[in-house]
Participant: 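Let me begin by handing over the structure; questions about it come next.
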Amino acid sequence: MRLSRLFFTSLRDDPSDAEMPSHRLLVRAGYVRQLGSGIYSLLPLGFRATRRVEQVIREEIDGIGGQEMEMPVVHPAELWRESGRYQKIGPELVRFHDRGGRDMVLAMTHEEVVADLTRDLIRSYRQLPVIVYHFQTKFRDEPRARGGLIRVREFVMKDSYSIDVDEAGLDRSYRLHYEAYERIFRRLGLETVAVGADVGIMGGSLAHEFMVLNEYGEDTLVLCETGDYAANQQIAQVRKPEPPAEAVLPIEEVATPGTDTIAALAGFLGVGTDRTAKAAFFTTANGRLVTAIVRGDFEVNETKLVNAVKAVGGIRPAHREEIKAAGMEPGYGSPVGARDTVVVVDDLVARSPNLVAGANRAGFHLRNVNVGRDFQPDVLADITNARAGDPCPRCGAAVELRNGIEVGNIFKLGRDFTTALGATLLAEDGSRVHPIMGSYGIGLGRNLACIVEAHHDEKGIVWPAEVAPYAAHLVELGGDRDPSVRETAERLHDAAAEAGREILWDDRPESPGVKFTDAELLGMPWILTVSPRSLKAGGVEVRERAGGESRIVPVEEAEGLLTGRQAVPA
RNA sequence: CGGGGCGUGGCGCAGCUUGGUAGCGCGUAUCGUUCGGGACGAUAAGGUCGUGGGUUCAAAUCCCGCCGCCCCGACCA
């Protein structure tokens, strides 16, 4: 490809709205352009790189028996009503109607379609197991896009789906995907850690997220320093401290003016935050008030809380009036004397004697509050966030908290979708059963961005060979003055193209500085320079973008390198 | 949805406080000189100042509404 013909431009200045290196570089180097918030075009360079990512995924999913297909982006709303998600999912699901007034949705994922096809196509256990997949556009009207390609609203995802007769089959399909994902991310040059994850609105029984560590990551990961435990903080369970063994003391009210935070309260009373009980208030989608009680030295984990009360549709922070209506006082709240609220108590609080808790009266707290004696929990569960330094649940070593970006996930869906849609088949024993599904996603654009996050330097992108849009970047200098330079460049370019390994040939009439700078910005693995000087020195200058020394090789050798007939020089 | 910021030629920005009809750098086009690390000179093109309304003799500038984009939070199969 001649750079002079490429539909692109590089920018000298960083785009003002880009913060993450991947966003900055992909825009500056002419790989992508933004069309709207969370909506991007892939320019030819970006599209080529994405296709190479896609090909790696295709090879590995084909390798575990996946069958590639394609499902639509526009779905009849009826299908989503059948699964129940039309009602369950909020504005993230785009709804519209066609000219006939029929309700339609834009696909945010494709479980419904797979389940629909399953009930249509699968009659017998003999047809299973099946893994199908496609690369298809998803639209999710996220409340906020961010980070360039990291969190967008429209994106292409590889999503595969497994259909099995029983749990053992699902286990196998899940394991196959787990291993395929490890191979995919290794080939893409991504170091990932697989963490246990919340199953969320998908339901199901088990999920892993493949995470790359990144300071801009939106997820918090709980990682054991010995490497034997890794989980998303949403579900991470660590060992909790042992509360002091004390005799239960009589409850007493104490004036604590101006202490509407735990820190202020502990300071005022001169006790540790671990001797206090913190109340946090939430409201469920159907209007129930949830009072969560954790010890003052811990934070409420909302995912765990949602799961503890099985709050379909999630929870939001409660309003002051809602709290007061339940007989509690914001800032000085506790379940002591409360009514009309679901009291969820963290297991550690239940074991901790004589805590300081709110008196439900502004400016007052209660000393020596004890769960069971002074109030009754409706639900007892682990509802706290793991903290840095807490003991690993497996080995007791300290865990650390790191930010991560989810580059892939795998879910054991179970039978929810096939049951809801009425997909059945005849099992070996003649019984009619609902098949069991798994769902497995990898977002292409996000992976591309994460690759750039992991492979760049101050000058630009440094593509791993497996995903580089072109294998090499040929810098031609002085070709307009020296015909032999132009001829050599053309020969290398054509030879590579004929061998099926197209390279990028900078034939623009630009100064050397501009060309070298762009070559480094665009990031092809090999940078070759042809110039009167290089020819005089014996051929073509060859340099590895990743940082190798440059050296002169004869033209024939350069040609061999580009066509793959000759091994890459050491 | 709450908080903050921004919107001025393709890109990055100044001008706004104190109203007087738009400027800088880069890029682009043509010509010439250069030619191994973002060259130099000359000439030129290119802007409804996001948008609607208001105030005013006069609005990029002041006031109000709306839209868009970015960041933080909420949210996130």
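Excluded from the calculations below are hydrogen atoms, water molecules and symmetry mates; all remaining heavy atoms, backbone and side chain alike, are included. What you are looking at is a predicted structure, and each value in this text was computed from that prediction instead of being measured. Below, chain A is the first sequence line, B the second, and so on; all start at residue 1.
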Participant: When you check the gap from the basic side-chain N to the acidic O, do A/Asp171 and A/Lys412 get nearer than 4.0 Å?
Facilitator: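 Salt bridge between A/Asp171 and A/Lys412, a charged N being under 4.0 Å from a carboxylate O: yes.
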Participant: Rounding to an integer number of angstrom, what distance separates B/G7 and B/C16 when you compare their C1' atoms?
Facilitator: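 Taking atom C1' in both B/G7 and B/C16, they lie 14 Å apart.
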Participant: Restricting to nitrogen or oxygen on both sides, can you table the protein-nucleotides 23-31 of chain B pairs closer than 3.5 Å?
Facilitator:
{"residue": "B/G27", "atom": "OP1", "partner": "A/Arg12", "partner atom": "NH2", "Å": "3.1"}

Participant: Applying side chain to side chain contact (heavy atoms under 4.5 Å, CB included), can you list everything that pairs with A/Asn385, at least two apart in sequence or on another chain?
Facilitator: A/Gln233, A/Glu299, A/Asn301
Participant: Could you give the distance separating B/C75 and B/U18 at their P atoms, to the nearest angstrom?
Facilitator: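 Result for the P pair: 42 Å, nearest Å.
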Participant: Whether A/Arg486 and A/Glu476 form a salt bridge (side-chain N of Lys/Arg under 4.0 Å from carboxylate O of Asp/Glu) is what I want to check.
Facilitator: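 Salt bridge between A/Glu476 and A/Arg486, a charged N being under 4.0 Å from a carboxylate O: yes.
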Participant: Record whether the side chain of A/Arg316 comes under 3.5 Å of the base of B/C75 through a donor-acceptor pair of N or O atoms.
Facilitator: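 No, no donor-acceptor pair under 3.5 Å.
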Participant: Can you tell whether the side chains of A/Glu322 and A/Arg316 come within less than 4.0 Å, N to carboxylate O?
Facilitator: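 Yes.
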Participant: Run the salt-bridge test on A/Arg543 and A/Glu520 with the 4.0 Å N-O cut-off and return the result as yes or no.
Facilitator: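 Salt bridge flag = yes for A/Glu520 with A/Arg543.
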Participant: Could you check, using the six-membered ring where one of them is a Trp, whether A/His208 and A/Tyr178 have ring centers closer than 6.0 angstrom?
Facilitator: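 Yes, the ring centres sit under 6.0 Å apart.
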Participant: Measure from NE2 on A/His473 to P on B/G36 and round the result to the nearest Å.
Facilitator: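 Distance, rounded to whole Å: 17 Å.
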Participant: Report the nucleotide, chosen from B/C75, B/G36, B/G38, that has the shortest atom-to-atom distance to any side-chain atom of A/Arg146.
Facilitator: B/C75
Participant: Looking at B/G46, which nucleotide sits across from it as a Watson-Crick or G-U wobble partner, both distances under 3.5 angstrom, or is there none?
Facilitator: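 Looking at the geometry, B/G46 pairs with no nucleotide.
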Participant: Does A/Arg146 come within less than 4.0 Å of A/Glu218, counting only side-chain N to carboxylate O?
Facilitator: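 Salt bridge present between A/Arg146 and A/Glu218.
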Participant: If you look at every strand shown and take non-hydrogen atoms under 4.0 Å, does A/Glu302 touch a base, only sugar-phosphate, or nothing?
Facilitator: sugar-phosphate
Participant: Taking the C1' atom in each of B/A44 and B/G3, what is the distance between them to the nearest angstrom?
Facilitator: 47 Å
Participant: Across all strands shown, which nucleotide pairs with B/G9 by Watson-Crick or G-U wobble geometry, both distances under 3.5 Å?
Facilitator: none
Participant: Taking atom P in both B/G32 and B/G23, compute the distance separating them and give it to the nearest angstrom.
Facilitator: 30 Å
Participant: Please produce a list of atom pairs where a protein N or O lies less than 3.5 Å from an N or O of nucleotides 66-69 of chain B.
Facilitator:
{"residue": "B/C69", "atom": "OP1", "partner": "A/Ser37", "partner atom": "N", "Å": "2.7"}
{"residue": "B/C69", "atom": "O3'", "partner": "A/Gln34", "partner atom": "NE2", "Å": "3.3"}

Participant: With a 4.0 Å heavy-atom cut-off, tell me which residues in residues 156-164 of chain A come close to RNA chain B, sorted by residue number.
Facilitator: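 When residues 156-164 of chain A is checked for heavy atoms under 4.0 Å from RNA chain B, the hits, listed by number, are A/Met157.
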Participant: Whole Å only: how far is the CD atom of A/Glu19 from the P atom of B/C6?
Facilitator: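 Rounded to the whole Å, the gap is 15 Å.
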Participant: At 4.0 Å (heavy atoms only), tell me whether A/Gly30 reaches a base, stays on the sugar-phosphate, or touches nothing.
Facilitator: nothing
Participant: State the pairing partner of B/C1; accept Watson-Crick or G-U wobble contacts with both distances under 3.5 Å, and report none otherwise.
Facilitator: B/G73
Participant: Between A/Ser511 and B/A39, does any side-chain N or O lie under 4.0 Å from OP1 or OP2?
Facilitator: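 Yes, within the criterion.
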Participant: Determine the Euclidean distance between corresponding P atoms of B/C66 and B/G2; express it in Å to zero decimal places.
Facilitator: 11 Å
Participant: Rounded to whole Å, please give me the gap between CG in A/Asp14 and C1' in B/C70.
Facilitator: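 So the two atoms are 15 Å apart, to the nearest Å.
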Participant: Nearest-Å distance, OH (A/Tyr216) to P (B/C72)?
Facilitator: 9 Å
Participant: Take atom C1' in B/C31 and the same atom in B/U48, then report the distance between them in whole Å.
Facilitator: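 These two C1' atoms come out 34 Å apart once rounded.
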Participant: Once you apply the 3.5 Å cut-off to both distances, tell me the Watson-Crick or G-U wobble partner of B/G41, or none.
Facilitator: B/C31
Participant: So does A/Ser531 get a side-chain nitrogen or oxygen closer than 4.0 Å to the phosphate oxygens (OP1/OP2) of B/G36?
Facilitator: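 A/Ser531 to B/G36 OP1/OP2: no side-chain N or O under 4.0 Å.
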Participant: Return no unless some side-chain N or O of A/Thr529 is found under 4.0 Å from OP1 or OP2 of B/G36.
Facilitator: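 Answer is no, no contact under 4.0 Å.
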Participant: What's the gap between B/G46 and B/G27 when it is taken at their C1' atoms, as a whole Å value?
Facilitator: 12 Å
Participant: Whole angstrom is fine here: how far is it from CZ in A/Arg151 over to P in B/G73?
Facilitator: 12 Å
Participant: If the threshold is 4.0 Å, N to carboxylate O, is there a salt bridge linking A/Lys459 and A/Asp457?
Facilitator: no
Participant: Hunt down the Watson-Crick or G-U wobble partner of B/G20, both distances under 3.5 Å, from any strand shown, or write none.
Facilitator: B/C57
Participant: Considering residues at least two apart in sequence or located in another chain, which fulfil the side chain to side chain contact (heavy atoms under 4.5 Å, CB included) criterion with A/Thr137?
Facilitator: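 By the side chain to side chain contact (heavy atoms under 4.5 Å, CB included) rule, A/Thr137 matches A/Val73, A/Glu154, A/Val156.
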Participant: When you measure from the side chain of A/Arg481, which nucleotide among B/C75, B/C35, B/G38 comes out closest?
Facilitator: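 Between B/C75, B/C35, B/G38, the one nearest the side chain of A/Arg481 would be B/C35.
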Participant: Just do the side-chain contact (heavy atoms from CB on, under 4.5 Å) check on A/Leu421 and A/Asp116 with the steps written out, would you?
Facilitator: CA-CA 7 Å; A/Leu421 297 218; A/Asp116 176 62; 4.2 Å; yes
Participant: What is the distance, to the nearest angstrom, from the CZ atom on A/Arg486 to the C1' atom on B/C35?
Facilitator: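 Spelled out: CZ on A/Arg486 to C1' on B/C35 is 14 Å.
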Participant: What does B/G36 pair with, Watson-Crick or G-U, if both distances are under 3.5 Å?
Facilitator: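 Check on B/G36: unpaired, no WC or wobble geometry under 3.5 Å.
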Participant: Only one of A/Leu11, A/Ile461, A/Leu25 passes side-chain contact (heavy atoms from CB on, under 4.5 Å) with A/Leu521; say which it is.
Facilitator: A/Leu25
Participant: Please name all residues satisfying side chain to side chain contact (heavy atoms under 4.5 Å, CB included) with A/Pro21, sequence neighbours left out, ordered by chain then number.
Facilitator: A/Arg24, A/Tyr216, A/Glu453, A/His456
Participant: I want to check something: taking the side chain as every heavy atom from C-beta on, are A/Val193 and A/Phe210 in contact at a cut-off of under 4.5 Å?
Facilitator: no
Participant: Consider the side chain of A/Glu142, meaning its heavy atoms from C-beta on, and name the nucleotide among B/G36, B/C76, B/A39 that approaches it most closely.
Facilitator: B/C76
Participant: From the list B/G73, B/G37, B/G38, which nucleotide is the closest neighbour of the side chain of A/Arg543?
Facilitator: B/G37
Participant: Considering only heavy atoms and no angle criterion, is a donor-acceptor pair shorter than 3.5 Å present between the side chain of A/Arg28 and the base of B/G38?
Facilitator: yes
Participant: Counting just side-chain N and O atoms, does A/Arg144 come under 4.0 Å of either OP1 or OP2 of B/C71?
Facilitator: yes
Participant: Considering only atom C1', compute the distance from B/U34 to B/G50 and round it to an integer number of Å.
Facilitator: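 After rounding to an integer number of Å, I get 42 Å for this pair.
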Participant: Base, sugar-phosphate or nothing for A/Ala107? Non-hydrogen atoms, less than 4.0 Å.
Facilitator: nothing
Participant: Do A/Lys158 and A/Glu68 sit within salt-bridge range, that is, some charged N less than 4.0 Å from a carboxylate O?
Facilitator: no
Participant: Report yes if the side chains of A/Val300 and A/Phe282 come closer than 4.5 Å at any heavy-atom pair, otherwise no.
Facilitator: yes
